[in-house]
Amino acid sequence: MLSVLMLRIMKLRNEWMLFLMMIAMTLVFSTVFGFTLSQGHSPKILIVDKDKTEYSQILIDELSKDEIFEYEFANYEDAVKMVDENKALSAVIIEDDFSEKIKNGKKTTLNILKVKENRELMIFENLLSKTTAKIAGNINIAEIITNYITENGSEDKIEIFNKAYTRMSKGLKYRRPLMIEKEIFNSSNNRYDNYKHLVIGLMLFFSMYTMVFGIGEILNERKYNTWQRQLVSPLSKFSILLGNMVYTLIIGMVQISILILFSKYIFRVEWGSSIGGILLVAFGFTFSVTSLGLLLSGIVKTHGQLSAITPVVLTSTSMLGGCMWPLEIVNSKILLALANITPQKWAIEGMERIAMYGQGFESVLFPTLVLFMMGIIFLGVGTKLVKFE
Amino acid sequence: MTLLEIRNLKKYFKNVKAVDDISFRVNKGEIFGLLGPNGAGKSTTISMISTLIKPTSGEILYKGESIVKKPSIIQKKLGVVPQDIALYPDLTGYNNLKFWGHSYGLRGKLLNKRIDEVSEIIGLKDKLKKKVNEYSGGMKRRLNIGAALLHKPELLIMDEPTVGIDPQSRNHILDTVLKLNKQGMTIIYTSHYMEEVEYVCSRISIMDNGKIIAMGTKDELIDIIKGQKKISLKFDEFSEDVVEKIKGIESVKDAYILDDEIIISTENGETIFKDIITEVSTTNSSITSIDIQKPNLETVFLHLTGKSLRD
Ligand SMILES: Nc1ncnc2c1ncn2[C@@H]1O[C@H](COP(=O)(O)OP(=O)(O)OP(=O)(O)O)[C@@H](O)[C@H]1O
Ligand SMILES: [Mg+2]
């Protein structure tokens, strides 16, 4: 094992190009996409306010507190047209019975117009339902207060309710500092971050090349007949494979670590509180992809063939697994099911649990376990397929 | 003492009987030659001895123990010089030797000492810092040999170690083989150049089509065709019928045209020269030279198979 490891380190002097190239690619793509993402306007949401009451205004005010989206009023016809032409992300229709229903504690429905599902829309829908829930909560509180007061006094119930609700809605505008702080905390740490997703996706995607070709070097060994010479030597098949695996695992981990450091200090990407968890997922990923590389090397005959199929395999599985775009925007059940058999999906999930949603070390144990299981399967089949002669 | 024994060894690929039931022994201290044309099965035999591939059937015993069952018995003791150069082209000569030495368990000072000694033997001492892909063909061949010598193998197998190189490198390699043998190394030497095999080997087996068709010392092999002579005639020009006329001579076994010569195999005819000249003079041809060739392994091979070693 040590012999092969030593060999690979000696060869690294000639192979570092690929390694550096993959790091550079990740950085370049992260920069380019980061630039385009930050250049983009905030998505526009149209508001069709048929209700035009205090209550609809509360809703609008609440929504606009968030700076992700830009809001604009429009009439229904214009809204349909603009959403259809992709000039606006979506439109919210506040029907004219909105205030009535909400006052009477009936179930209100807000219609939104959308052309297609995407990540931003999901965020918006989320925001909308959170906001309406909050308003409904306020109404509840107002009602309880009203009931309390009417039980103890003789004033007109409806009048008191109106007064109480107005207070509540005013209260929304002058919220206590504590509440606001919580909002900020929420928005910076637990919210979906397109850019972060992209950095993670690109990092995984490009590092896979280093890993697959790292282990695929055994095909070059066969080309140079050194494979046969190694097999004839006292080195066992096991130690030859192990040496190549260990080397590839190390180089893969080094690459991911470098990229994490780069993204943290240059692109200001926050990686969350458990770097150990991130590295654990990274290791699971490196193991499964290296094993996948061994499997591919067993399927093809030459290094040339490996160079031909690797981009196809890596790109397609990376698209499936959500490296290029978040899986949340994928609707097809089949594609989502297929995503589960890509290592990328599990690695992204694990890393984002920590880096995006602020979860702890334990949260990555399951994704890591899945990655290791995959790796073991790939390794088992790969070892069978690799020709030891 | 028998170092290696091959018993009824066979290797069948899908539709080729690459090695078809061969048996032989290699004694300690000898240079054993495997001579045969392309595709005879030499490399396949060697791959089985060196544990790279498993025989279809048969047994290979190293010091009496089966290496088919237990490859590790021979792996540490064996040095293999493969027919195809097996080196890392992007590494320096030194690093190549370092890795191969390491893979045979050599470490530290001992490894460095052996790299030193071996690079001396193969005459590449001042070229070790260069990358192998900057080496000439002959230098690669020599390093290919060197990589097999680092651990001082008991048995060295060389599969056509001189293919495609200049005469000087070739002589160097042949002398190295003899030197190593003098130091006590047992060697199996494979080639389809009969001159090389004649020069270095103490015992030779001739292979063709996966079978051993003759085996013995050089003299024993040549004895097979005792009494046979080979005569080559050179002409200014000759007419077609001259070959037929020569074939008609009683003591001539065979005659054929090779380039601008006629090659004649004869059986000990006393009057052969006179007969030839008489026959030729009846045609429009004129002889410029007559050459009598001593029988050699080439002739033996020709005799046994009816074809030439090199095609
Ligand atoms: N892996 C293989 N699969 C199928 N056929 C093979 C394989 N290896 C060798 N052969 C066939 O076995 C026969 C013997 O090949 P081998 O390489 O042993 O010959 P050789 O004596 O070493 O010839 P050369 O002088 O060309 O090296 C050839 O017909 C070859 O085509
Ligand atoms: Mg051969």
Side-chain angles (χ1 to χ4, degrees), chain A residues 1-21 210 213-248 251 301-304 307 384-389, chain B residues 11 13 43-44 46-55 67 71-108 111 131-133 140 143-145 147-148 150-151 153 155-157 159:
Chain A
M1 202 276 279
L2 284 181
S3 304
V4 177
L5 209 54
M6 182 188 86
L7 168 75
R8 295 302 304 262
I9 291 165
M10 293 195 296
K11 280 165 85 176
L12 180 62
R13 273 171 233 163
N14 308 299
E15 288 164 10
W16 57 271
M17 270 304 292
L18 176 75
F19 179 69
L20 283 193
M21 227 168 72
T210 311
F213 285 113
I215 192 76
E217 186 62 19
I218 59 174
L219 290 169
N220 268 337
E221 294 268 4
R222 196 174 296 128
K223 170 171 150 200
Y224 295 128
N225 305 309
T226 46
W227 183 248
Q228 292 86 325
R229 196 169 207 157
Q230 284 185 11
L231 290 170
V232 167
S233 82
L235 296 175
S236 65
K237 290 171 194 167
F238 177 76
S239 71
I240 294 172
L241 271 192
L242 187 67
N244 283 298
M245 285 288 290
V246 167
Y247 167 82
T248 311
I251 201 105
K301 288 205 172 66
T302 66
H303 196 264
S307 305
K384 283 266 175 296
L385 290 181
V386 168
K387 288 154 214 81
F388 288 100
E389 55 178 58
Chain B
K11 182 71 193 181
F13 295 109
S43 295
T44 308
I46 283 176
S47 292
M48 287 188 280
I49 299 173
S50 56
T51 70
L52 187 60
I53 59 174
K54 286 238 179 281
I67 62 163
S72 59
I73 297 170
I74 199 171
Q75 281 170 341
K76 286 192 203 78
K77 312 285 183 189
L78 184 69
V80 183
V81 180
Q83 177 171 4
D84 300 311
I85 287 172
L87 299 167
Y88 297 99
D90 293 328
L91 295 186
T92 60
Y94 178 83
N95 278 345
N96 266 284
L97 291 181
K98 187 172 163 192
F99 168 67
W100 293 116
H102 203 275
S103 71
Y104 278 87
L106 301 175
R107 301 284 187 276
L111 177 57
K131 279 190 185 179
V132 167
N133 54 22
K140 282 182 197 162
L143 190 65
N144 198 36
I145 295 171
L150 291 155
H151 60 294
L155 175 63
L156 179 69
I157 302 183
D159 194 356

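Order of the sequence lines fixes the chain letters, A, B, ..., with proteins taken first and strands second; residue numbering starts at 1 for each chain. None of the values given here were measured: they were computed from a predicted structure. Just the heavy atoms: all of them, side chains too, but no hydrogens, waters or symmetry mates, feed the values below.
- When each of B:Asn96, B:Val80, B:Leu91, B:Ile74 is checked for heavy-atom pairs under 4.5 Å with chain A, B:Leu91 comes out on top.
- With a threshold of 4.5 angstrom between heavy atoms, B:Ser72 does not approach chain A through any atom at all.
- The side chain to side chain donor-acceptor pair (under 3.5 Å) check on B:Ser103 picks up nothing, with sequence neighbours excluded.
- Note: B:Ile157 CD1 to B:Ser43 OG = 11.0 Å, rounded to the nearest 0.5 Å.
- Of the atoms belonging to B:Pro89, it is side-chain heavy atoms, and not backbone ones, that fall under 4.5 Å from chain A.
- The number of heavy atoms from other shown groups lying within 6.0 Å of NZ (A:Lys387) is above 12.
- Applying the side chain to side chain donor-acceptor pair (under 3.5 Å) test to B:Arg107 and every residue at least two apart in sequence or in another chain returns B:His102.
- Taken from CG in B:Leu150 to CG in B:Leu97, the straight-line distance is 5.0 Å, to the nearest 0.5 Å.
- Contacts of B:Ile85 with chain A are made by backbone atoms alone, with heavy-atom separations under 4.5 Å and no side-chain atom involved.
- Residue B:Lys54 places its NZ atom among more than 12 non-hydrogen atoms of other residues, nucleotides or ligands, all under 6.0 Å distant.
- Top candidate by heavy-atom pairs under 4.5 Å with chain A, chosen from B:Ser47, B:Gly105, B:Pro82, is B:Pro82.
- With a 4.5 Å cut-off on side-chain heavy atoms, A:Glu217 and A:Arg8 count as touching.
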**Message:** Would A:Glu221 and A:Leu7 count as a side chain to side chain contact (heavy atoms under 4.5 Å, CB included) here? Give the steps.
**Reply:** CA-CA 11 Å; A:Glu221 294 268 4; A:Leu7 168 75; 3.4 Å; yes
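- Heavy atoms from other residues, nucleotides or ligands lying under 6.0 Å from NZ of A:Lys11 number more than 12.
- For the residue pair B:Tyr104 / B:Gln75, no side-chain donor-acceptor distance below 3.5 Å is found, with atom types taken as modelled.
- To the nearest 0.5 angstrom, B:Leu78 atom CG is 8.0 Å from B:Leu156 atom CG.
- Contact residues of residues 240-248 of chain A toward chain B are absent (heavy-atom distance under 4.5 Å).
- The stretch residues 229-237 of chain A places A:Arg229, A:Gln230, A:Leu231, A:Val232, A:Ser233, A:Pro234, A:Leu235 near chain B, each with some heavy atom under 4.5 Å from a heavy atom of that chain.
- Proximity of A:Val386 to A:Arg222: side-chain heavy atoms (C-beta onward) are separated by under 4.5 Å at one or more points.
- When the candidates A:Phe388, A:Tyr224, A:Trp227 are compared by the number of heavy-atom contacts under 4.5 Å with chain B, A:Tyr224 comes out ahead.
- In this pair, B:Tyr88 and B:Trp100 present their aromatic rings parallel. The plane angle is below 30°, not in the 30 to 60° band.
- Both the backbone and the side chain of A:Met10 come within contact range of chain B, each with at least one heavy atom under 4.5 Å from a heavy atom of that chain.
- At a 4.5 Å heavy-atom cutoff, the contact between B:Lys98 and chain A is made by backbone and side-chain atoms alike.
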